[in-house]
Amino acid sequence: MIWLLPALAAAKGGLSFWLARKQFNDDAVPIARDLFPAGAPRRVMAIWAHPDDEITSAGALAAMAQAGAELTLVYLTAGEAAKDTGHTREALARVRRAEAQAAGEHLGAAHVEVLDFPDGGLAASDHVAARAAIAGLIARFEPSVVVAFDEKVGFYGHPDHVQAGRWVREVVEAGAPSVRQLYQATLPQPMIALALKLVSAFRDNYPAAREDGLPVPTVAVNIVAQSKRKRLLLDVHASQAKVIADVQPYADRAPHWLYYRLFDREYFALAVDR
């Protein structure tokens, strides 16, 4: 997809840019200002496996926080098992905990919680304890909306993402009375096809069968107004620069206002609605 850079470079308003944007997005998915159901308390909790996972939904989360919502970020691990960072596991845990706190400040989060479940080992860890920890945080902060990964793919096939998504859904479906809606971060088929060409994490891990893939989006949030904030968030997670360069291809080689006009929305699937 080497043509993507020229398309970005020439995209101040031309037809080629409009066509590229149409190609990557699914205009049939309705666009919402935020993820809150009518009348719900404006408290949102995003629950992830690792610090930096929030990048998938950073524009929508930042927009809600800037509009006055109480945002809580939860990470089940400190991300200490990441490879090729130049840190020991213990040092990396400290670094990534600090990055998580910085990400929370950058996005306007009221609370940031980094738990100590094992990075790379969520599926083999204590499921009862994990669900209890998630339920406890939901009871403490009482979000009306929860955002998480899906329980089948975990966005691109990471087993920790899958397990985190499974636990969150189980907790919400089993109780969590404050939660009105659970949304799962997802992508439309055109973006999945592009990711399979450009992103090694998708090529290496994403299921081959379409029916085993990400849930179908039910809503999108336009993130153009948050483009600078989302781009700067990538730098907050400096320890993960190599991974981020893979999953956000060319974001470091195009101006934020242009990149996030091409990829101008984040997609979500409504998993629980009550």
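Not measured: the values here are computed from a predicted model.
Counting heavy atoms from C-beta on, the side chains of M64 and L61 come closer than 4.5 Å. Side-chain contact between V221 and R265 is absent, with no heavy-atom pair separated by less than 4.5 Å. Two residues are said to be in side-chain contact when any heavy atoms from C-beta on lie closer than 4.5 Å; L182 and V168 meet this criterion.
For S57 (side chain) and A60 (main-chain N/O), no donor-acceptor pair under 3.5 Å exists by modelled atom type. Of the possible donor and acceptor atoms, one in the side chain of R229 sits under 3.5 Å from a partner among the backbone N and O of H106. At least one donor-acceptor pair under 3.5 Å links the side chain of D246 to the backbone N or O of S200. In this structure, H87 contributes its side chain and L92 its backbone to no donor-acceptor pair below 3.5 Å.
Here the two rings, on Y259 and Y250, have centers that are 6.0 Å apart or farther. Aromatic pair Y156/Y206: ring centres not closer than 6.0 Å. Between H111 and F141, a ring centre-to-centre spacing shorter than 6.0 Å is recorded.
In this structure, L187 CG and I192 CD1 are separated by 5.5 Å, a value rounded to the nearest 0.5 Å. Note that the CD1 atom of I47 and the CD atom of E54 stand 14.0 Å from one another [nearest 0.5 Å].
Between the side chains of Q66 and Q226, at least one donor N or O sits under 3.5 Å from an acceptor N or O.
Cluster membership for V243 and L234, using ILVMFWY side-chain heavy atoms within less than 4.5 angstrom, is not shared.
E80 and T77 get closest at one heavy-atom pair: OE1-CB, 4.4 Å.
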Candidate pair R169 and D150, rule salt bridge (Lys or Arg N to Asp or Glu O under 4.0 Å), full reasoning: CA-CA 8 Å; R169 182 159 193 162; D150 67 285; over 6 Å; no

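Taking the six-membered ring where the residue is Trp, H161 and H50 present tilted rings, their angle falling between 30° and 60°.
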